[in-house]
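What follows is a single structure, written as structure tokens, with notes after it.
Every number for a ligand or one of its atoms is a count from 1 in the order of the listing.
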Amino acid sequence: MSKKYYLTTPLYYVNAAPHIGHAYTTVAADVLARFMRQRGKAVHFLTGTDEHGAKIEKVAQEAGASPQAYADEISAQFRELWSHLDVHYDDFIRTTEERHIDVVQRVFKALFDKGDIYKGSYEGFYCVSDETYWTKTEAPEDAKGRRLCPNPECRRPLETVQEDSYFFRLSRYQGKLLALYRDNPGFLMPSSRAPEILRFVEAGLQDISVSRTKVKWGIPVPGDEGHTIYVWFDALLNYVSAVSGDSGLLPELWPADVHIVGKEIYRFHAVIWPAMLMALGVQAPRRVFAHGWWTIEGEKMSKSRGNFIHPSQITKEFGIDAFRYFLLREMPFGNDGDFSRESMRKRYNAELANDLGNLVNRTVDMVDRFLGGELPTKENSVPLSFLKTDPNQIDEVLANSIEALGFSSALATIWSVIGELNAYINAEAPWKIAKTDPERTRQVLFGLVQALRRVAGWIEPFMPQTAAKIQSQLGVRRFPAPLSAEEVLAGASTGTGKIQKAPPLFPRKP
Ligand code: ME8
């Protein structure tokens, strides 16, 4: 079987309900997955939930629930959200599943047997919120004698930890990691973030603690049940536990083509994870992409500010596709960005209601009025030479952008064509020549319909519902005479039916 395109999101913690940040990564992965499927690639898209560790243990206890019941509830909320947002994953893994626990324990034992995990004792500090260990040099006492989490986004008081612990021999992998980065320049993405990882690894790596005696809610260390396995060591292994069969990793899936993560967990994915795989003698993933962070109305999202936005608050007002569009259009994938209702509303009205929505509406209206609803078919199609760039070339530009996770620039490219089409309508003014030059009117409107069929194919991975609506208006009948995804992308139509008038795609928002 040939290799599938295997992509992943982080496994989200089940300590609290999902918010716009989680939606961001998952929608981006969904767009990439849909894009690959549309181009005929077999895809395996994995997401899921990270359910063990001190943080979940603590919130469940505060809520008076068992950690498992708590995890069940929140994990279900993630799945409901993905279904609401039209996210089509192929597998959803929970770290409390047997298939995962089994792999984690086997890996732990294998690394212990070969000396990559050893027993020692740990003295240092731990941030429960970030599930991260810190040393006393990394987290020096402040003026008030407190030790706070050095992560500037966190700054919560640290727990002092002094306990027996198993360690993973990360220090052994410095040279190999540097060789991995050097030999695979596409591994650390975006390249602007590569230097921070290089500097970190070049500075020398310490072995890391990979078990806790104080945390009960975790996978037991095989043969030493007083210890549970460190939640990150557990969670990272999902990327392989989810794609393992009876005789090991499935060759049609591994190596992963891309792990998409937020910038705050880049080190775990770009340093610790490949080192774990090296210790196991397993090939590294092809790419790790760290995107930026969203703030809300200029502020960091936090419990104390109470400013978490549940995506359904936005989709209720603007619709699902508009939300997906905004997330990926607002800033290049990799940069930080800010969400505000006002910026959402502005883009919605300008780019969706005006540029795209009006274009479709005007075209459909004129085809109905001036051509009696007649649509172009393969036999009577017109050349699209009025466009500055050949659509096949645009197609390649889009493929290059999306393969590099350049979602925003892909959308900008599509919108430049939309802009040209709007200018073309205005310049040709079919409503003025409809009576005097019916042949020219037909040419112009056919050209617009054909170009819009291409546009619908291009926006499909981003806005699947909108693409389907445009396609049904423009006679791109996928059922019962289905066109393949590639044919739809190439602007084909089944040539049946007339234009279908429909309500505006994006009614303007005050
Ligand atoms: O870190 N902006 O889970 P998590 C953009 N369980 N993206 C954001 C975001 C924001 N403000 N907030 C969250 C964990 N995200 C671990 C991962 S993987 C083996 C284990 C997104 O629930 C982003 O993808 O804290 C970030 O990396 C992830 O949610 C963190 O989710």
Side-chain angles (χ1 to χ4, degrees), residues 7-30 32 46-56 59 71 74-75 77-78 81-82 87 92-96 100 103-104 127-132 149 151-154 156 193 218-219 229-242 256 258-274 276-277 285 288-303 305 307-311 326-328 330-339 405 407:
L7 74 164
T8 68
T9 70
L11 291 203
Y12 305 112
Y13 286 129
V14 289
N15 61 311
H19 56 66
I20 169 173
H22 304 117
Y24 184 47
T25 323
T26 314
V27 166
D30 185 59
L32 184 57
L46 174 72
T47 186
T49 41
D50 185 355
E51 308 191 354
H52 291 126
K55 173 155 146 161
I56 313 299
V59 288
I74 307 270
S75 180
Q77 290 183 19
F78 275 94
L81 177 61
W82 304 151
V87 168
F92 187 100
I93 188 162
R94 304 179 56 186
T95 55
T96 47
H100 174 73
V103 168
V104 173
C127 174
V128 174
S129 173
D130 283 352
E131 298 279 18
T132 302
C149 178
N151 168 7
E153 306 286 338
C154 179
R156 291 182 181 79
R193 281 198 207 283
I219 301 178
I229 296 173
Y230 173 41
V231 61
W232 268 102
F233 188 90
D234 159 352
L236 285 165
L237 283 166
N238 89 86
Y239 302 127
V240 295
S241 69
V258 59
H259 294 310
I260 306 178
V261 303
K263 64 178 182 181
E264 85 292 359
I265 55 173
Y266 200 23
R267 269 191 207 173
F268 287 102
H269 285 83
V271 182
I272 298 177
W273 175 229
M276 285 165 65
L277 291 167
V288 179
F289 194 109
H291 65 64
W293 262 45
W294 286 94
T295 49
I296 304 287
E297 313 265 355
E299 300 214 29
K300 185 182 163 266
M301 279 187 265
S302 75
K303 246 190 194 164
R305 288 192 184 88
N307 60 348
F308 287 107
I309 296 195
H310 192 279
F326 183 85
L327 287 180
L328 294 180
E330 183 64 2
M331 71 272 193
F333 204 57
N335 294 12
D336 294 333
D338 184 56
F339 184 89
L405 282 69
F407 302 110

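Of all the atoms in ligand 1, the ones that sit under 4.0 Å from a non-hydrogen atom of D50 are 6 (N), 16 (C), 20 (C). The ligand atoms of ligand 1 that sit less than 4.0 angstrom from a heavy atom of A235 are 19 (C).
At least one N or O atom of T25, backbone or side chain, sits closer than 3.5 Å to an N or O atom of ligand 1. Polar contact check, W232 against ligand 1: no nitrogen or oxygen pair lies under 3.5 Å apart. Every N/O-N/O distance between N238 and ligand 1 stays at or above 3.5 Å. Residue contacts with ligand 1: V261 is placed with no nitrogen or oxygen under 3.5 Å of a nitrogen or oxygen of the ligand (distance criterion only).
Formation of a donor-acceptor pair under 3.5 Å by the N307 side chain with backbone atoms of S302 is found in this model. Checking side-chain atoms of N15 against main-chain N and O of I56 turns up no donor-acceptor pair under 3.5 Å. R305 places no side-chain N or O within donor-acceptor distance of the main-chain N or O of E299, the cut-off being under 3.5 Å. Side chain of H100 to main chain of D234: a donor-acceptor pair is present (N/O by atom type, distance under 3.5 Å, no hydrogens or angles). Side-chain atoms of T95 come within 3.5 Å of backbone atoms of E51 as a donor-acceptor pair (strictly under, hydrogens ignored).
A salt bridge links D336 with K263: at least one charged nitrogen is closer than 4.0 Å to a carboxylate oxygen.
Of the protein's heavy atoms, L11 O, 3.2 Å lies nearest to atom 17 (C) of ligand 1. For atom 22 (O) of ligand 1, the closest non-hydrogen atom on the protein side is Y13 N, 2.9 Å. H19 CE1, 3.7 Å is the protein heavy atom nearest to atom 13 (C) of ligand 1. Ranking the protein heavy atoms by distance from atom 2 (N) of ligand 1 puts W294 N, 2.9 Å first. Scanning the protein heavy atoms around atom 9 (C) of ligand 1, the nearest turns out to be G21 CA, 3.5 Å. Closest to atom 5 (C) of ligand 1 among all protein heavy atoms lies G292 O, 3.5 Å. From the protein, the heavy atom lying nearest to atom 31 (O) of ligand 1 is Y12 CD2, 3.6 Å. Shortest contact from atom 30 (C) of ligand 1 to any protein heavy atom: E264 OE2, 3.4 Å.
At least one heavy atom of Y239 sits closer than 4.0 Å to an atom of ligand 1. Judged by the shortest distance from any of its heavy atoms, K300 lies outside the 4.0 Å radius around the atoms of ligand 1.
Between F92 and F78, the ring centre distance reaches or exceeds 6.0 Å. The six-membered or imidazole ring of F339 lies away from that of H19, with a centre-to-centre distance of 6.0 Å or more.
Within the 4.0 Å heavy-atom criterion, neither part of F268 lies near ligand 1. Residue-level proximity to ligand 1 for H291 is carried by the side chain, the only part with a heavy atom below 4.0 angstrom. Neither the backbone nor the side chain of K263 has a heavy atom within less than 4.0 Å of ligand 1.
For E131 and W232, the side-chain atoms include no donor-acceptor pair closer than 3.5 Å. A donor-acceptor pair shorter than 3.5 Å can be found between the side chains of T8 and H259.
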- request: Kindly indicate, with the supporting measurements, whether the criterion side chain to side chain contact (heavy atoms under 4.5 Å, CB included) is fulfilled by E153 and D130.
  value: CA-CA 10 Å; E153 306 286 338; D130 283 352; over 6 Å; no
message: Using side chain to side chain contact (heavy atoms under 4.5 Å, CB included), reason through I93 and S241 one step at a time and then give a plain yes or no.
response: CA-CA 9 Å; I93 188 162; S241 69; 3.4 Å; yes
